[in-house]
Protein chains: 2
Amino acid sequence: MSDPTSRDRLIRAASNLFRQKGYSGVGLSEILKEAGLPKGSLYYHFPKGKQELAEAATRWAGAWLERLLDATFAQAESFDQGALMVCETISAEVASQTHVSACPVLSILQAAPLEPQLQITAQDVYGSWTKCIEKHAKRMGSPQPEEAAFSLHCKLQGAWVIAFAQQSNAAFTQLARELRAKI
Amino acid sequence: MSDPTSRDRLIRAASNLFRQKGYSGVGLSEILKEAGLPKGSLYYHFPKGKQELAEAATRWAGAWLERLLDATFAQAESFDQGALMVCETISAEVASQTHVSACPVLSILQAAPLEPQLQITAQDVYGSWTKCIEKHAKRMGSPQPEEAAFSLHCKLQGAWVIAFAQQSNAAFTQLARELRAKI
DNA sequence: GAAGCAATAGACCAATCGGTCCAATGCCGC
DNA sequence: GCGGCATTGGACCGATTGGTCTATTGCTTC
């Protein structure tokens with residue numbers, strides 16, 4: 001069994017950097033420097049190189065957000081309240097960092113035309129999130145779970161893009177205000 | 001006065017390519033090949049190089065979308081109806097191309113940490129859009145024009161990101177369905 | 001301690017990057 | 001035809017890119 005810390009360090013470093021500068025904006029040397037590992041380690045753990053690392057990083061961050069969704073909705077008493085709490089949780093998460101990082105999927109999205117596998121990865125992760133939200137919508141008796149899931153996902157994506165552009169979580173607090181009014 | 005066609009060709013080529021692969025994902029050689037111009041022309045029209053070209057391309061595309069907003073809202077009988085029409089117009093625009101291109105601002109957003117000027121450009125263009133929507137919201141007697149403008153901008157951004165990921169305008173048609181229900 | 005595998009370390013590669021520079025070209029008023 | 005400026009054409013540059021390859025290290029199992 002391989003030492004998990006090295007592989008993990010690579011994934012974390014890659015995810016952080018990609019979310020700030022995008023897939024094409026980050027060089028392997030920068031990732032390796034951040035992870036404190038030589039090039040040999042990268043190609044040992046990810047033989048297909050940058051693309052495979054980006055895929056792993058995106059799925060890792062995607063799973064993290066899905067856990068966040070599950071944990072937050074588990075505490076909610078209604079879907080609308082859960083939606084608000086998710087928005088507030090992401091807002092707090094975003095605000096806790098010195099820089100506002102983009103949605104992890106966004107980071108690899110623009111590299112999709114260059115690396116077809118990343119397109120599939122992006123669709124997979126987005127699909128998982130929507131399904132996850134839909135699951136909770138159904139569980140809480142939302143009348144149109146599919147529509148509600150898309151609507152929330154769409155708003156969160158929009159707020160995340162704007163927050164990234166402004167380097168501020170103001171968009172999330174504004175969205176939270178909007179969601180609170182619906183309860 | 002400089003010949004507008006060369007400068008314009010560069011801007012159009014750059015905008016198209018950036019919207020597909022992102023700022024860092026496109027090389028100057030690719031832009032020049034698409035525009036059919038040599039490198040000398042680029043640095044004549046844009047002495048500061050790639051960054052200046054990207055800024056011009058983003059502002060150009062930003063102005064195009066703002067004209068689209070104005071033209072669409074001008075035909076609407078209410079803000080909510082205008083919002084729906086904008087969504088449908090962008091949806092049709094997106095669907096008319098073989099590839100779904102990202103929002104022009106998104107293209108340069110992830111390059112912002114590398115090129116500080118692009119961060120300002122992105123904020124400017126987003127700000128113009130929001131103000132433009134707000135202007136129409138006020139004009140049509142929307143009770144909370146600021147909130148309404150942010151809300152629409154946010155939803156459109158989200159739908160655009162998802163549409164880009166899925167390479168389909170399904171997200172826009174879904175958002176249109178949601179907006180139609182509010183009228 | 002020797003064999004053997006997991007993992008690291010980094011030299012090295014061709015290709016491409018953004019950018020600089022200057023000669024050549026085309027078009028203008030004269 | 002000529003001077004002069006706007007623009008083009010493209011060679012050239014150092015730096016960096018993603019990727020390959022091999023030597024070495026360190027642990028584990030006999």
Side-chain angles (χ1 to χ4, degrees), chain A residues 1-18 20-58 107-108 110-119 121, chain B residues 1-18 20-58 107-108 110-119 121:
Chain A
M1 188 60 190
S2 78
D3 182 9
T5 63
S6 274
R7 195 175 192 275
D8 224 55
R9 286 236 299 278
L10 285 168
I11 286 179
R12 285 171 186 270
S15 183
N16 287 336
L17 289 169
F18 286 151
Q20 285 175 36
K21 309 187 190 184
Y23 178 80
S24 301
V26 183
L28 294 186
S29 60
E30 195 175 356
I31 299 172
L32 294 169
K33 187 182 153 196
E34 170 101 354
L37 289 167
K39 194 166 280 192
S41 298
L42 195 161
Y43 281 89
Y44 174 78
H45 293 290
F46 303 96
K48 277 180 286 189
K50 192 181 183 182
Q51 173 218 324
E52 191 179 357
L53 173 59
E55 185 181 344
T58 304
S107 315
I108 61 159
Q110 293 194 316
L114 294 80
E115 312 268 15
Q117 180 57 40
L118 293 182
Q119 173 100 30
T121 304
Chain B
M1 189 61 191
S2 78
D3 181 10
T5 62
S6 273
R7 195 174 192 275
D8 223 56
R9 285 238 298 278
L10 284 168
I11 286 179
R12 285 170 186 271
S15 183
N16 286 337
L17 288 168
F18 286 152
Q20 284 176 34
K21 309 186 189 183
Y23 178 81
S24 301
V26 183
L28 293 186
S29 60
E30 196 176 355
I31 298 172
L32 294 169
K33 187 181 152 197
E34 171 101 353
L37 290 167
K39 194 167 281 192
S41 297
L42 196 160
Y43 280 90
Y44 174 76
H45 293 289
F46 303 97
K48 278 181 286 190
K50 190 181 185 182
Q51 173 217 323
E52 192 179 356
L53 173 59
E55 185 181 344
T58 304
S107 314
I108 63 158
Q110 293 194 315
L114 294 80
E115 311 269 15
Q117 181 57 39
L118 294 182
Q119 173 99 30
T121 304

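All heavy atoms count here, side chains included; hydrogens, waters and symmetry mates do not. Below, chains carry the letters A, B, ... as their sequence lines are ordered, and counting in each starts from 1. Remember, predicted model here, so these are calculated numbers, not experimental data.
- Partners of A/Glu115 according to the side-chain hydrogen bond (donor to acceptor under 3.5 Å, both in side chains) rule, which considers only residues two or more places apart in sequence or in another chain, are A/Tyr23.
- Between the CG atom of A/Leu10 and the OG atom of A/Ser15 there is a distance of 12.0 Å, given to the nearest 0.5 Å.
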For each nucleotide in nucleotides 11-20 of chain C, reading 5' to 3', give B when a protein heavy atom comes within less than 4.0 Å of its base, S when such contact involves only the sugar-phosphate, and - otherwise.
------SBBB

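- Annotation: side-chain hydrogen bond (donor to acceptor under 3.5 Å, both in side chains) contacts of B/Glu30 (sequence neighbours excluded): B/Lys21.
- The distance from atom CG of A/Leu17 to atom P of D/dT17 is 12 Å, rounded to the nearest whole Å.
- For C/dA7, the OP1/OP2 oxygens have a side-chain nitrogen or oxygen of A/Tyr44 closer than 4.0 Å.
- As a whole-Å value, the separation of A/Leu114 CG from D/dT17 P is 16 Å.
- The interatomic distance linking B/Leu32 (CG) with D/dT8 (P) rounds to 11 Å, in whole Å.
- For the atom pair CD1 of B/Ile31 and CZ of B/Arg12, the computed distance is 15.5 Å after rounding to the nearest 0.5 Å.
- Counting only residues at least two apart or on different chains, no salt bridge (charged side-chain N to carboxylate O under 4.0 Å, His left out) pair has a member in residues 39-50 of chain A.
- At whole-Å resolution of the value, CG in A/Leu42 and C1' in D/dT20 are 13 Å apart.
- For the pair A/Glu52 CD and D/dT20 P, the interatomic distance rounds to 12 Å; values are reported in whole Å.
- Side-chain N/O atoms of B/Ser6 include none lying less than 4.0 angstrom from OP1 or OP2 on D/dT7.
- For the atom pair OG1 of A/Thr58 and CZ of A/Phe18, the computed distance is 7.5 Å after rounding to the nearest 0.5 Å.
- Rounding to whole angstrom units, CZ of residue B/Phe46 and P of D/dT7 are separated by 12 Å.
- Between B/Ser41 and the phosphate of D/dT8, there is a side-chain N or O to OP1/OP2 separation shorter than 4.0 Å.
- At the phosphate of C/dA6, neither OP1 nor OP2 sits under 4.0 Å from any side-chain N or O atom of A/His45.
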